[in-house]
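Note that this is a predicted model, so its numbers are computed, not measured. All values below were derived from every heavy atom in this structure, side-chain atoms included, with hydrogens, water molecules and symmetry-related copies excluded. To find a chain, count down the sequence lines: A is the first, B the second, and so on, and within it residues start at 1.
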Amino acid sequence: MIYALVDCNAFFCSCERVFRPDLWNRPIAVLSNNDGCFVSCTRDVKELGIKIGEPYFKYKQLCDEKGIVLFSSNFALYTDMSDRVMSILSRFTPDLEVYSVDEAFLDLSGFVNRSLNKYVEEIQNTVFKLTGIPVSVGVAKTKTLAKIAAGLAKREITSGGVKMLLDGDVVNKSLSKIKVEDIWGIGKSSGLKLKTLQIRSAKELIDYKNDSAIQRVLGKNGLTIKDELSGICSIKERDCSIKKSIQSSRSFAGTVSDLRLMRETISKHISTACERARAQGSVIGSAEIFFGTTPFSSEDSRQQFVHETVSFNLSTDTRKIIKYSLSVVDEWFRDGLKYKKAGITLGKLSDNKNIQLGLFEKSDSPKSEKLMSVMDKINAKDGEGTLRFASCGTADREIRSFKEFRSPKYQSSWKELPKVF
DNA sequence: TCTGGGGTCCTAGGACCC
DNA sequence: TCTGGGGTCCTAGGACCC
């Protein structure tokens, strides 16, 4: 096999730059919900020591000093740009696996006879020309090696954003420079375990003879990764078109200490998630409700973090799932606590088609299905939340989030279309 | 006095990813 | 004032059964 991993460079930042060409050479960063953390940074920002996931308030001063241009996250823009990039990539292979919002694996096995290098450059150039998004490409015999190659493509200035890891000597040389915890699928904790076996680099991992020791510390995943690094394809394609769980959650801009507000928040999360579940044709079997105070140290408040799962007969009826979920809220909510975050995860999702064929039980009445379908249609046409349940509260009590640096909704709002003079 | 062996299924939690 | 939001997969251990 020959895989190419195409990875968009600082994707969210690049999306913002497409509409702000004046920022092409400026350091920029994108912040998470409530402008809490950094979620995307251009290379020059990373070089200042700012890492993805770090809280913004720690670096506020540095950002001011260095003139870093900040953006609040604008996911409507990023998903739209992602769709465009992926659709272009699909022209280059019959087998495209979209791995995340900014990455995809292309099976290029059929192209070995062409000049692979040229083809890859063509992919890179086409994406940039048609979307304005710069991408790096790593090419190798397995997905794990392609991930490593793409990482090298980004790091090595001379690479032009493309790195081929096909020749055995080149692969070995590269692997000896890769720290074990930087391998795709091995994190901090597994990295430490491997160090107890004196394995520090990717090369040391593939040269390690005692497979059972690797399996003991990493589980069978460890051997899969070892094979992949040795050039043996062992990772199956994941089908991500149907989600197995669907989550909706947010941190509050301030804190919430009011039961009614918490009930409304949970109801809204349930409504959002159920709509997404119905949209992918799923029937829901369980809901996990969670809410909690800040996990970070704060002297003035007691801490609590609730995680409760309720299971029920398969259903798509938002009303029913809200009812179950609110009973959890009522049971666990404590007066006087300052809640910082709340959300839900829908689980035990099954395919609606199988249910209709009678393989499983479903408890909803035909009336309820009709109601949900009408609601979804109206909300799709006239906007999110046009029709909602009373338990979600009224719009004026909406819990606002901080988005100090939001960019316009260039592609999803007529009022905010970019203007060309 | 003294308490099997094997199997399946489910769930919670950990680890990892972007 | 202040620390994201979404996912996936694996494993260990409990419940249950014969």
Side-chain angles (χ1 to χ4, degrees), chain A residues 5 7-12 29-41 50-61 63 72-75 78-79 82 97-105 143-144 147 150-151 180-194 215-225 235-255 269 272-273 276-277 280 285-286 288 290 292-298 300 305 307-311 338 340-349 401-404:
Chain A
L5 177 68
D7 191 340
C8 301
N9 300 347
F11 182 55
F12 299 167
V30 175
L31 302 173
S32 66
N33 186 250
N34 289 328
D35 298 336
C37 300
F38 293 89
V39 290
S40 181
C41 300
I50 297 177
K51 292 194 191 101
I52 303 301
E54 297 234 57
Y56 165 55
F57 72 88
K58 278 192 189 169
Y59 295 95
K60 202 167 182 171
Q61 206 186 337
C63 290
S72 303
S73 45
N74 181 351
F75 280 96
Y78 311 146
T79 47
S82 175
E97 182 186 350
V98 177
Y99 176 71
S100 73
V101 69
D102 69 335
E103 279 171 78
F105 289 103
K143 288 181 186 172
T144 305
K147 279 289 266 190
V180 85
E181 65 269 26
D182 294 336
I183 299 167
W184 187 41
I186 297 180
K188 225 179 180 178
S189 142
S190 301
L192 285 174
K193 288 178 194 160
L194 285 174
Q215 174 144 22
R216 180 163 41 79
V217 296
L218 298 193
K220 74 175 188 189
N221 193 32
L223 296 179
T224 305
I225 291 171
I235 294 179
K236 285 171 270 165
E237 180 157 353
R238 308 191 302 201
D239 179 10
C240 293
S241 54
I242 303 284
K243 304 248 176 294
K244 294 171 179 169
S245 67
I246 292 175
Q247 187 174 322
S248 175
S249 69
R250 284 286 177 283
S251 302
F252 302 118
T255 57
H269 284 308
T272 311
R276 281 164 55 205
Q280 68 164 20
S286 72
E288 180 185 6
F290 53 91
T293 54
T294 174
F296 304 99
S297 66
S298 62
D300 64 325
F305 214 96
H307 265 269
E308 277 286 305
T309 304
V310 280
S311 294
K338 293 176 179 164
K340 188 61 195 164
K341 181 177 179 166
I344 62 98
T345 306
L346 301 179
K348 290 187 191 161
L349 305 184
S401 55
F402 294 132
K403 284 208 176 259
E404 196 185 337

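- For A:Asp7, the salt bridge (charged side-chain N to carboxylate O under 4.0 Å, His left out) partners are A:Lys154, not counting sequence neighbours.
- Applying the salt bridge (charged side-chain N to carboxylate O under 4.0 Å, His left out) test to A:Glu54 and every residue at least two apart in sequence or in another chain returns nothing.
- Every residue meeting the ring pair (Phe, Tyr, Trp, His ring centres under 6.0 Å) condition with A:Phe12, not counting sequence neighbours, appears here in chain and number order: A:Phe75, A:Tyr78.
- For A:Glu103, the salt bridge (charged side-chain N to carboxylate O under 4.0 Å, His left out) criterion is met by A:Lys147, not counting sequence neighbours.
- Contacts of A:Tyr99 with the nucleic acid, taken as non-hydrogen atoms under 4.0 Å apart, involve only primed sugar atoms and P, OP1 or OP2.
- Expressed to the nearest 0.5 Å, how far OG1 of A:Thr272 lies from CD1 of A:Ile344 amounts to 8.0 Å.
- Residues forming a side-chain hydrogen bond (donor to acceptor under 3.5 Å, both in side chains) with A:Asn33 (at least two apart in sequence, or on another chain): none.
- Nucleic acid contact class of A:Leu31 (heavy atoms, under 4.0 Å, all strands): none.
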Test side-chain hydrogen bond (donor to acceptor under 3.5 Å, both in side chains) applied to A:Asn34 and A:Ser251, step by step: CA-CA 8 Å; A:Asn34 289 328; A:Ser251 302; 5.0 Å; no

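- Rounding to the nearest 0.5 Å places NZ of A:Lys340 at 9.0 Å from CZ of A:Phe252.
- Contact annotation for A:Glu54: no contact, since no heavy-atom pair falls under 4.0 Å across all strands.
- Contacts of A:Asp102 with the nucleic acid, taken as non-hydrogen atoms under 4.0 Å apart, involve only primed sugar atoms and P, OP1 or OP2.
- Comparing A:Leu218 and A:Phe296 against DNA chain C, the residue whose closest nucleotide sits nearer the 5' end is A:Phe296.
- Taking A:Glu181 as the reference, A:Lys179, A:Lys195 meet the side chain to side chain contact (heavy atoms under 4.5 Å, CB included) condition, with sequence neighbours excluded.
- You can see that DNA chain B meets the heavy atoms of chain A within a 4.0 Å-exclusive cut from B:dT11 to B:dC18, reading 5' to 3'.
- Remark: A:Gly187, A:Lys188, A:Ser189, A:Ser190 in residues 187-194 of chain A come within less than 4.0 Å of DNA chain B through at least one heavy atom.
- As judged by a 4.0 angstrom heavy-atom cut-off over every strand, A:Ile235 is placed among residues making no nucleic acid contact.
- Remark on DNA chain C: of its neighbouring residues A:Arg276 and A:Ser32, the 5'-side contact belongs to A:Ser32, judged by nearest-heavy-atom nucleotide.
- If you check every strand for non-hydrogen atoms under 4.0 Å, A:Lys236 touches nothing.
- When the P atom is used for both C:dC17 and B:dT3, the distance is 24 Å, rounded to whole Å.
- Within 4.0 Å of A:Lys340, counting heavy atoms only, lie sugar-phosphate atoms of the nucleic acid but no base atom.
- Partners of A:Cys41 under the side chain to side chain contact (heavy atoms under 4.5 Å, CB included) rule, at least two apart in sequence or in another chain, are A:Ala29, A:Phe38, A:Val45, A:Lys46, A:Ile50, A:Ile52.
- Under the rule for a side chain to side chain contact (heavy atoms under 4.5 Å, CB included), the partners of A:Pro55 that lie at least two apart in sequence or sit in another chain are A:Phe57, A:Lys58.
- If you check every strand for non-hydrogen atoms under 4.0 Å, A:Asn33 touches sugar and phosphate atoms only.
- Within the nucleic acid shown, A:Ile52 has no heavy atom closer than 4.0 Å to any nucleic acid atom.
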Both atom distances under 3.5 Å, Watson-Crick or G-U wobble: I'd like the secondary structure of DNA chain C as a dot-bracket string, with | for pairs made across strands. ....||||||||||||||

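- Counting non-hydrogen atoms under 4.0 angstrom, A:Ser248 reaches the backbone sugars and phosphates but no base.
- Contacts of A:Ser245 classified as side chain to side chain contact (heavy atoms under 4.5 Å, CB included), with partners at least two apart in sequence or in another chain: A:Thr345.
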